[in-house]
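Order of the sequence lines fixes the chain letters, A, B, ..., with proteins taken first and strands second; residue numbering starts at 1 for each chain. When reading the values below, keep in mind they use all heavy atoms of this one structure, side chains included, and skip hydrogens, waters and symmetry mates.
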Amino acid sequence: MATVKAVRGTRDLLPPETELWNRIEATARQVFARYNFGEIRTPIFEDTGLFARSVGEETDIVEKEMYTWDDGERFEKSLLISRWSLANRERFGTVEDNSPSGAGPIDLECEDLDGNFELVLFGAKPSKRSVDVLASAVSDKRALLTQLQSDKEVTGRHVFASPVPGVPEETTPEGVLLEAFHGNFFKSSQSLTLRPENTAGVVRAYIEHGLGESGQLQKLYYIGPQFRRERPQKGRYRQFWQIGAEVIGPPSAGSESALRDAEVLEMLATLLDELGIGGWALELNSVGSAADRAGYNDVLRAALVDVAPKMCGDCQRRAVTNPLRVLDCKVPEDQPIIDGLPKIGDSLGDDSKQHFAQVTAALDAAGVPYTLNQRLVRGLDYYTRTTFEFTHGGLGAQNALLGGGRYDGLSEAIGGPKAPGIGFAMGLDRLVLTLQAQEAVVGAAPAAKADAYVAPIGESLNAAALILARDLRRAGLSVELGDGSFRLKKSFEAADKIARRIVILGEDEHQSGILTVKDFTTGTQTKVPRAELAAHLARPAGE
RNA sequence: GCGGCUAUAGUUCAGCGGCAGAACGCCUGACUGUGGCUCAGGAUGUCGUGGGUUCGAUCCCCACUAGCCGCCCCA
């Protein structure tokens, strides 16, 4: 029997690797706290419409990478089928009787009509298969159900016509309506999606809880898994982890100020430094207001008409579908052409230019190094004005550690108040890879060992050992508990691997209350009264 | 979604159309209340899954699945 494995693009994080993850998360929380960010935890799934409207209908994420499902009550469907089958046992008793035009493949449709739900069973043009299907439907409702659920050829054919409730009728040339049911059969049906990113959820929560009403700037961070159905690669998974933060609020709270952009960028520089990421680079750009961006898109599209035929195949396609993406092209031959294209900086309005100048001036003053990259146009629709990316060499094709930008119109796009904001998302999976690579060079610190290993000799002392371990643990020590069924040799072998000292609890020690402690670092063995044991074990190894 | 490479022991990997291998790790003993170092011995396994070719396939062929690298896109 094939064993069940983690599904493609997902993975387990095990010790000791999880220590690194926790260290990163703890560092991030500390840094965020110093900048007065609070944690927000939003649901892992949201209404599909949220992502369609925020991330952008036309983006790859929404078009083909989301995990989306319908949250209707699917069981009701089978009830309806069985009801239909019973009701028509008589009428469709024979194949000939039932098929004025021949009973075709049977299908189900349901649709929301005026708040109620319509469910329709209909047959299409006759075929040998469809006759068989119907025959089994009449004789056995379970067989019909199986057919409907398993046979793609049957269930895949959708021909829908508006029915008269309860009355069979002719429908389209392709199909004959067999029966229609009308009523509130489906209590609810909603399209849900595993979040592909977290900014949309944060802004949704901001709107839903009226956080803008406080008049205060909201500074929120999150840490959690996101989901995109992409082809897995190193540092890219279908369930991936992001740490991100958002600064959002009403304009009166200063949410549009370039100072906020600079503060976020300076915080990120600090965070990466404190994480020990060496050699990061900040790339910075402004895509301007929504209008600036649209204008540039037109200018770029026009400019590409002449030069695109000389470019790579991908670029020729992008020139039509998404001109901004041409700027991302990595084909060497195309680079001179791209350099000759109009720059987005020339399409920025005065407001956008001034805002961006303030951002860079603040970064200069704070000593945060950056490089301007006019080709940096982020893929998500909601970005405006400042966009940025922190990259790191040694990540292969996936060289972006984190990315983000300003999204002044996002709240309004999903039905909220005017609430400009700026935020970022950091790929935790890649951050871990980067740190692991660095530590491999520097030399990873050995895994932390427990303070002590309590080794009872004989199973009769197991309970006493449990109590001893409990007391040491309550004193704040990390303690592993051995098993009295082990021979002492085995206890030593096990203990040496996972603890700094071993505490032997044999009959002698149990009677006298004076325990035998051996320090693995020095190999010295001492007798320690139980009352002094915790203090003794708390000392560094070798002392 | 597309292209290339890969899949053998717990791990890292050799290997060959004819008995399944190494290192490390693991277990046992030398040593019944003392680890590391050493020595002796042992088990490693559906050779990714399913087909095909062949007297015979872990090896050759095909498909599938998964991983890695690149593309697309993105964190």
Side-chain angles (χ1 to χ4, degrees), chain A residues 1-11 14 55-56 58-65 196-199 224-244 268 312-315 317-318 321-322 324-325 328-331 376-380 383 388-392 395-405 423-434 453 455-458 461 482 484 486-510 515-525:
Chain A
M1 172 182 155
T3 53
V4 178
K5 298 194 291 188
V7 302
R8 182 169 206 201
T10 70
R11 60 190 177 141
L14 307 171
V55 174
E58 307 296 316
T59 59
D60 276 18
I61 292 175
V62 171
E63 279 187 349
K64 54 190 189 193
E65 294 176 0
E197 56 100 50
N198 217 331
T199 297
Q226 321 291 335
F227 305 84
R228 287 182 205 169
R229 197 178 186 289
E230 297 178 286
R231 180 109 178 191
Q233 256 175 266
K234 196 176 191 69
R236 169 197 278 185
Y237 303 92
R238 290 182 169 183
Q239 173 173 333
F240 58 102
W241 290 74
Q242 284 189 334
I243 296 179
L268 284 167
C312 68
D314 281 334
C315 282
R317 179 175 50 77
R318 293 177 184 127
T321 59
N322 194 350
L324 290 180
R325 291 265 77 88
D328 288 336
C329 179
K330 292 171 187 126
V331 177
L376 182 66
V377 287
R378 307 212 50 81
L380 277 49
Y383 283 114
F388 57 87
E389 195 168 277
F390 282 76
T391 58
H392 189 273
L395 278 172
Q398 318 297 327
N399 70 342
L401 279 176
L402 67 92
F424 69 89
M426 180 163 68
L428 204 37
D429 304 83
R430 289 182 198 175
L431 202 60
V432 167
L433 278 177
T434 306
Y453 182 100
I457 299 173
L461 288 169
F486 291 172
R487 290 175 44 204
L488 196 59
K489 173 181 161 61
K490 181 169 176 177
S491 290
F492 264 82
E493 286 174 350
D496 191 21
K497 287 179 187 125
I498 59 180
R500 292 168 18 220
R501 293 189 178 88
I502 185 169
V503 177
I504 296 162
L505 179 61
E507 201 52 47
D508 294 350
E509 287 86 353
H510 187 54
L515 294 137
T516 303
V517 178
K518 186 160 188 175
D519 187 314
F520 285 123
T521 314
T522 60
T524 56
Q525 189 161 308

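Taken to the nearest 0.5 Å, the OG1 atom of A:Thr516 stands 3.5 Å off from the CD atom of A:Glu509. Rounding to the nearest 0.5 Å places OG1 of A:Thr59 at 8.0 Å from CD of A:Glu65.
In this structure, CZ of A:Arg325 is placed 8 Å from C1' of B:C74, rounded to the nearest angstrom. Atom CD1 of A:Ile502 and atom P of B:U34 are 11 Å apart (whole Å). The CZ atom of A:Arg8 sits 8 Å away from the C1' atom of B:U65 (whole-angstrom rounding). One atom, CH2 of A:Trp241, and another, P of B:A75, lie 19 Å apart when rounded to the nearest Å. The separation between A:Arg238 atom CZ and B:C68 atom P is 11 Å, rounded to whole Å.
Applying the 4.0 Å criterion to OP1 and OP2 of B:G1, one finds that A:Arg231 has every side-chain N and O outside that range.
For A:Arg325 and A:Asp60, the salt-bridge test fails: no basic side-chain N is under 4.0 Å from an acidic carboxylate O. A salt bridge does not link A:Lys497 to A:Glu493: none of the charged side-chain nitrogens sits closer than 4.0 Å to a carboxylate oxygen.
Comparing A:Ile504 and A:Arg228 against RNA chain B, the residue whose closest nucleotide sits nearer the 5' end is A:Ile504. Along RNA chain B, the nucleotide nearest to A:Ala6 and the one nearest to A:Gly404 differ in position, and the one closer to the 5' end is contacted by A:Ala6.
Across all strands shown, B:C71 is found opposite B:G1 as a Watson-Crick or G-U wobble partner, with both distances under 3.5 Å. Taking a pair to require two hydrogen-bonding distances under 3.5 Å in either a Watson-Crick or a G-U wobble arrangement, B:G35 remains unpaired. The partner of B:C64 is B:G48, judged by Watson-Crick or G-U wobble contacts that both fall below 3.5 Å. Across all strands shown, B:U12 pairs with B:A22; the Watson-Crick or G-U wobble distances both stay below 3.5 Å. Pair check for B:U28 finds B:A40; Watson-Crick or G-U wobble, both atom distances under 3.5 Å.
If you check every strand for non-hydrogen atoms under 4.0 Å, A:Lys64 touches nothing. Across all strands, A:Ile457 comes closer than 4.0 Å to base atoms (heavy-atom distances). A:Glu197 comes within 4.0 angstrom of nothing in the nucleic acid, heavy atoms only. Within the 4.0 angstrom heavy-atom criterion, no nucleotide atom of any strand lies near A:Arg11. Residue A:Asp429 is classed as having no contact, given no heavy-atom separation below 4.0 Å to the nucleic acid. Counting non-hydrogen atoms under 4.0 angstrom, A:Glu230 reaches a base of the nucleic acid. Residue contacts for A:Thr516: at a heavy-atom cut-off of 4.0 Å it reaches a base atom on one of the strands shown. Within the nucleic acid shown, A:Gly9 comes within 4.0 Å of sugar-phosphate atoms alone, with no base atom in reach, counting heavy atoms only. Using a 4.0 Å heavy-atom cutoff across all strands shown, A:Phe424 reaches no nucleic acid atom at all.
The side chain of A:Asp60 approaches B:C72 more closely than any other nucleotide in the set B:G35, B:C68, B:C72.
Stacking between A:Phe240 and B:A75 is shown: the ring centroid lies under 5.5 Å from the centre of the six-membered base ring, and the planes differ by under 30°.
Considering every non-hydrogen atom in both A:Trp241 and A:Asp429, the closest pair reads N-OD1, 2.8 Å.
Residue side chain A:Lys489 does not reach the base of B:U34 through any donor-acceptor N/O pair under 3.5 Å, judged by distance alone. For A:Gln233 against B:G67, no side-chain N or O and base N or O form a donor-acceptor pair under 3.5 Å. With hydrogens and angles left out, the side chain of A:Arg236 and the base of B:C68 share no donor-acceptor pair within 3.5 Å.
Between the side chains of A:Thr10 and A:Gln239, no donor-acceptor pair is found at a separation under 3.5 Å.
Its glycosidic angle being more than 90° from 0, B:C24 falls on the anti side.
For A:Arg238 (side chain) and A:Glu230 (main-chain N/O), a donor-acceptor pair under 3.5 Å exists by modelled atom type.
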